[in-house]
Number of protein chains: 2
Amino acid sequence: MIINIMERFKNIGLKLTPQRVAILEYLDGNTSHPSAEDIYRHVKERFPMISFATVYNTLEALRKRGLILELTIDPDRKRYDPNIHPHHHLICLRCKSVVDVNLEFDVPVPDDVRGRFEILGNHIEFYGICEQCKKEGGDDNGSL
Amino acid sequence: MIINIMERFKNIGLKLTPQRVAILEYLDGNTSHPSAEDIYRHVKERFPMISFATVYNTLEALRKRGLILELTIDPDRKRYDPNIHPHHHLICLRCKSVVDVNLEFDVPVPDDVRGRFEILGNHIEFYGICEQCKKEGGDDNGSL
DNA sequence: AATAGTAATGATAATAAATATCATGGAAAG
DNA sequence: CTTTCCATGATATTTATTATCATTACTATT
Ligand SMILES: [Mn+2]
Ligand SMILES: [Mn+2]
Ligand SMILES: [Zn+2]
Ligand SMILES: [Zn+2]
């Protein structure tokens, strides 16, 4: 698993530095959809001298090669997803946690639209309140 | 049409200032999904002394009352939508133009997921290349 | 009309995410 | 060993967004 993403990383013409390995290890199999800061904080624990710039550089390198997805689902910050297989997401309006929805949905767009716009893919975001937040109560449902 | 959104604006307990009228008039029926800066620039033409803060204040007031939607579809900036009826969007990966998709899709989420997450709504973003950009050619398809 | 209370404006400052610069260091190639 | 190249990390910059706050413009009351 880790070998795969690391092999792909190397084969794609990028150097496998210790910092990058740490980032890749944190991302591999991670379904928490972390932000750049999340990644920075976790990698920093085992690699205290790492720079924020390296995190951003690595994420950009991965994104450009299609090895991770950059999600715009959170209004506050970009979130990253090592799962590049087409799937959808739930986002909690209160705590902003993002959960995978590994289902295929049929979303047929009529030909007249397709004629005016080449559709390359789609992404469904479901928004609501997660279990944890519902337990904790409160009435603020977040923005939208 | 304009009367409606303005009436609703007043009835909701907000004052109808000239700046706000200008913003509302620009937004009403607007399907371009403008950013705050877009709105600022256009309103500024007829109202040169308007402040960016007033644009943001007004947008926030409208959003809080549910009179506009704040879209996170563009990785670079928030986009605003005066059409609050549930609908979906196409976004062009090259020019970032956003187009409405006024179709209803059935996206049934299984009960086991619904049990762990209270789903309040959904939004489908289709991504691809718009007609204009396809004409202009080029090979860069944008990020994702 | 004067007053007092309230809310919006706009100038400006502050915050925070993301990107850009660049000197230094280290791996890899020759 | 020497040169080349790339990544790192410190730092600066950019950009979007939010926060502050004094001034101004209404609104309601007397
Ligand atoms: Mn995911
Ligand atoms: Mn729309
Ligand atoms: Zn939550
Ligand atoms: Zn386009």
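Residue numbers begin at 1 in each chain, while the letters A, B, ... track the order of the sequences.
Between B/Y56 and D/dT17 there is a side-chain polar atom (N or O) within less than 4.0 angstrom of OP1 or OP2. Look at B/R20 and you'll find a side-chain N or O under 4.0 angstrom from OP1 or OP2 of C/dA8. For B/T17, a side-chain nitrogen or oxygen approaches OP1 or OP2 of C/dT9 to under 4.0 Å. Note on B/K78: a side-chain N or O is less than 4.0 Å away from OP1 or OP2 of D/dT18.
In this structure, A/R94 contributes its side chain and A/C133 its backbone to a donor-acceptor pair below 3.5 Å.
Closest contact between the side chain of B/T58 and the listed nucleotides C/dT9, D/dT17, C/dA17 involves C/dT9. Nearest nucleotide to the side chain of B/E37, out of D/dT18, C/dA18, D/dA16: D/dA16.
There is no path of hydrophobic side-chain contacts, each under 4.5 Å, that joins A/L103 to A/I84. Tracing side-chain contacts under 4.5 Å through hydrophobic residues (I, L, V, M, F, W, Y), one never reaches A/F126 starting from A/L93; they form parts of separate clusters. Cluster membership for A/F105 and A/L120, using ILVMFWY side-chain heavy atoms within less than 4.5 angstrom, is not shared.
Atom CG of A/D76 is separated from atom C1' of D/dT18 by 11 Å (rounded to the nearest Å). Here C/dT19 presents its P atom at 17 Å from OH of A/Y40, a figure rounded to the nearest Å.
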Grab the N/O contacts between the protein and nucleotides 25-30 of chain C below 3.5 Å, and write none if there aren't any.
none

I'd like a table of atom pairs between the protein and nucleotides 9-11 of chain D - only N or O on both sides, under 3.5 Å - with the distance next to each one.
| unit_1 | atom_1 | unit_2 | atom_2 | d |
| --- | --- | --- | --- | --- |
| D/dG9 | OP1 | A/Q19 | NE2 | 2.9 |
| D/dG9 | OP2 | A/S51 | N | 3.4 |
| D/dG9 | OP2 | A/T54 | OG1 | 3.1 |

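Pairs of residues two or more places apart, or lying in two chains, that qualify as salt bridge (Lys or Arg N to Asp or Glu O under 4.0 Å) and include a residue from residues 128-138 of chain B are A/E118-B/K134. The salt bridge (Lys or Arg N to Asp or Glu O under 4.0 Å) analysis of residues 40-50 of chain B, with sequence neighbours excluded, yields the pairs B/E37-B/R41, B/D38-B/R41.
Among residues two or more places apart in sequence or in another chain, the ring-ring contact (aromatic ring centres under 6.0 Å, His included) test is passed with A/H89 by A/H33, A/H87, A/H123. Residues satisfying the salt bridge (Lys or Arg N to Asp or Glu O under 4.0 Å) criterion with B/D106, sequence neighbours excluded, are absent altogether.
Within the model, atoms CD1 of B/I39 and OG1 of B/T58 stand 9.5 Å from one another, a figure rounded to the nearest 0.5 Å.
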